Amino acid sequence: MSLHILHVVGARPNFMKAAPVLRALGGAGFRQSVVHTGQHYDANMSDIFFRELEIPEPDVNLSVGSGSHAQQTARIMTAFESVVLERNPDLVMVYGDVNSTVAAALVCAKLQVPVAHVEAGLRANDRSMPEEINRLLTDQLSDLLFTPSEDADRNLQREGISAERIHLVGNVMIDTLVRLLPRARENKKNGFPAHYALVTLHRPSNVDDPEVLRRILSCMLSVSNNSGSNSKEKQLAVVFPVHPRTRQRIAQFGIATDGLHLCDPLSYLDFLALQAGATVVLTDSGGIQEETTFLGVPCLTLRANTERPVTVEIGTNVLIGNDTDRLRTELTKILDGKQKKGAIPPLWDGHAGERIARIVQEYFEKHEKEVKRAPKISA
Ligand code: UD1
């Protein structure tokens, strides 16, 4: 019987990371299953990504839905524990930094099932972000840590994680981008303006405080309405696919958005096409900082820090916090053609998934006997 690898995904940014790993491990002959925690459940936050990224239908959906951090994490742990006990996987793969990631890793660590963390080692050095707590804990609990860049390796070594657990493989999210960019360009969505800033916002630090959210959106509006002196700004539309959490906050705080092109969250291919054609991207997402760096599109990140410093050091990313004066200045620079030029970080080449598959094979060659011999403890 072939070795069984169980993948855990739950929220939108997990799907594009899992797709290339599933593909590569499938090609290497492993038996695989997919557990969807149900952290994201709207069709346009989840189902459409499975279709476009050609991820197999989940074998199990835990359907945990939304809740406070403790509620969501606890629900995932309780439901996932039964799945692990029943399916008895040889390795569990977790992705990124969402609540589903840490919840699954913690269950596995207690059941003594090996865990591999894809996108390990990223640190913003900011424990006010829930994702930072998820990153720190998941990395401590994981047996195999797959990192996207050298800074991640250094962070892990500093935290006392032994070198043989750390593997620099490159960026799996870029694997998906490289594979699907040609299709995204063909699919280019009609009805969007020709010259636009693409905006995404969902971090609590930007959208949960009415004053901060109001200020950011009114800055976007003033750019869109050309209240500034730069005449080129006049032509720049603002396209804003709105995350469900942000949509709720805009409604709750009664913030006007006339003049912005708001739309529902987009599919992977539609969003990638929009990114590739944008004059500038304004975001507080992690993955979008990486995608714009790969695409060479200027990115202004509405955060004070980033767990992806390579996008600032090598790529096109500029951190501006929520300082709207700085936002205006940086936008003007870009519109004047004075944007930061970037390069693509090493190993962001479309082959990270294959590197992971090779390392997993080697891991089993080394550990298979122990893995099979070790008694699994019951709950
Ligand atoms: C989560 C991740 C974040 C990631 C983001 C991408 C954590 C701690 N955060 O944040 O790192 O960047 O996903 O989107 O795991 N909602 C819906 N439909 C859905 C999903 C969510 O309406 O399909 C609404 C719910 O009201 C929910 C809110 O969005 O309460 C927030 O969802 P949640 O999963 O808690 O966190 P995100 O903000 O999406």
Side-chain angles (χ1 to χ4, degrees), residues 8-18 36-50 53 58 61-77 79-80 94-106 117-120 122-124 126-139 173 176 199-209 212-213 240-253 262-268 271 275 281-292 299 301-303 305-308 311:
V8 180
V9 292
R12 186 170 59 177
N14 291 159
F15 307 138
M16 40 295 240
K17 294 168 194 165
H36 191 324
T37 65
Q39 177 173 348
H40 285 174
Y41 43 86
D42 287 355
N44 59 9
M45 296 292 284
S46 177
D47 301 5
I48 183 121
F49 290 85
F50 276 73
L53 305 176
N61 194 323
L62 307 179
S63 302
V64 298
S66 304
S68 70
H69 286 278
Q71 285 166 344
Q72 194 174 56
T73 309
R75 275 193 228 126
I76 296 168
M77 288 183 67
F80 184 60
V94 298
Y95 297 87
D97 58 13
V98 301
N99 287 342
S100 302
T101 312
V102 70
L106 188 48
H117 183 204
V118 177
E119 197 187 83
L122 297 184
R123 298 290 180 267
D126 174 2
R127 291 200 185 194
S128 70
M129 283 178 84
E131 292 84 358
E132 184 82 350
I133 310 294
N134 296 345
R135 292 179 199 120
L136 282 159
L137 296 181
T138 303
D139 286 339
M173 199 163 194
T176 295
V199 179
T200 80
L201 283 178
H202 73 281
R203 297 263 163 229
S205 57
N206 283 328
V207 305
D208 284 0
D209 178 331
V212 173
L213 183 58
F240 185 8
V242 192
H243 185 283
R245 172 196 194 98
T246 311
R247 173 84 66 185
Q248 285 163 13
R249 296 295 183 265
I250 290 172
Q252 183 187 339
F253 305 147
L262 261 58
C263 61
D264 285 335
L266 296 171
S267 77
Y268 182 79
F271 190 77
Q275 273 195 93
V281 174
L282 291 102
T283 192
D284 58 9
S285 149
I288 293 169
Q289 297 172 51
E290 300 181 332
E291 289 170 341
T292 46
C299 179
T301 296
L302 294 154
R303 286 175 45 191
N305 52 44
T306 179
E307 62 288 338
R308 286 146 163 110
T311 61

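We count ligands from 1, going down the list as the structure has it; atoms in each ligand are counted the same way. Sequential numbering from 1 along the given sequence is applied to the chain's residues. Treat the numbers as computed from the prediction; the structure is a model and nothing was measured.
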Open item on the list: Side chain, backbone, both or neither: which applies to H40 and ligand 1 if a contact is any heavy-atom pair less than 4.0 Å apart?
Closed with: both
When you check the gap from the basic side-chain N to the acidic O, do [X] and [Y] get nearer than 4.0 Å?
X: D208; Y: R203; value: no
X: E307; Y: R123; value: no
X: R303; Y: D284; value: no

Considering only the protein, which heavy-atom contact is closest to [atom], and what is its distance?
atom: atom 9 (N) of ligand 1; result: E131 OE2, 3.4 Å
atom: atom 18 (N) of ligand 1; result: D42 OD2, 3.0 Å
atom: atom 34 (O) of ligand 1; result: Q39 NE2, 3.2 Å
atom: atom 28 (C) of ligand 1; result: R245 CB, 3.9 Å
atom: atom 6 (C) of ligand 1; result: P13 CD, 3.5 Å
atom: atom 27 (C) of ligand 1; result: S66 OG, 3.2 Å
atom: atom 17 (C) of ligand 1; result: Y41 OH, 3.3 Å
atom: atom 2 (C) of ligand 1; result: V98 CG1, 3.7 Å

TODO: Show which atoms of ligand 1 fall inside a sub-4.0 Å distance from at least one heavy-atom site of H69.
DONE: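 Listed by number with element, the hits are 8 (C).
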Task: Proximal ligand 1 atoms for P244, defined as those under 4.0 Å from one of its heavy atoms - done: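 Reading through ligand 1 atom by atom, the close ones are 16 (N), 17 (C), 18 (N), 22 (O), 24 (C).
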Open item on the list: Using every non-hydrogen atom in the two residues, find where S100 and Q39 come nearest and quote the distance to one decimal.
Closed with: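 That closest heavy-atom pairing would be OG-OE1, 2.7 Å.
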TODO: Determine the minimum heavy-atom distance between F271 and T200, stating which atoms define it.
DONE: CZ-CG2, 3.5 Å
Open item on the list: Could you check whether any side-chain heavy atom of N305 comes within less than 4.5 Å of a side-chain heavy atom of M129, counting everything from C-beta outward?
Closed with: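 With C-beta onward as the side chain, the pair touches.
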Task: Any side-chain heavy-atom pair of T138 and V94 under 4.5 Å - done: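 The answer is yes; the side chains approach within 4.5 Å.
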- [ ] Using non-hydrogen atoms of the residue, decide whether R247 is closer than 4.0 angstrom to ligand 1.
- [x]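 The answer is no, since R247 has no heavy atom less than 4.0 Å from ligand 1.
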TODO: Answer yes if the side chains of S46 and H36 hold a donor-acceptor pair under 3.5 Å, and no otherwise.
DONE: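 Their side chains do contain a donor-acceptor pair, which is all the 3.5 Å distance test asks for.
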Task: Residue pair T283 / Q289, side-chain donor-acceptor N/O under 3.5 Å - done: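 Absent: no donor and acceptor within the cut-off.
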- [ ] Can you figure out which of Q71, H243, H202, Q248 has its heavy atom closest to atom 4 (C) of ligand 1?
- [x] H202
Open item on the list: Please check whether N99 reaches ligand 1 - meaning an N/O of the residue sits under 3.5 Å from an N/O of the ligand, judged on distance alone.
Closed with: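 Yes, there is a polar N/O contact under 3.5 Å.
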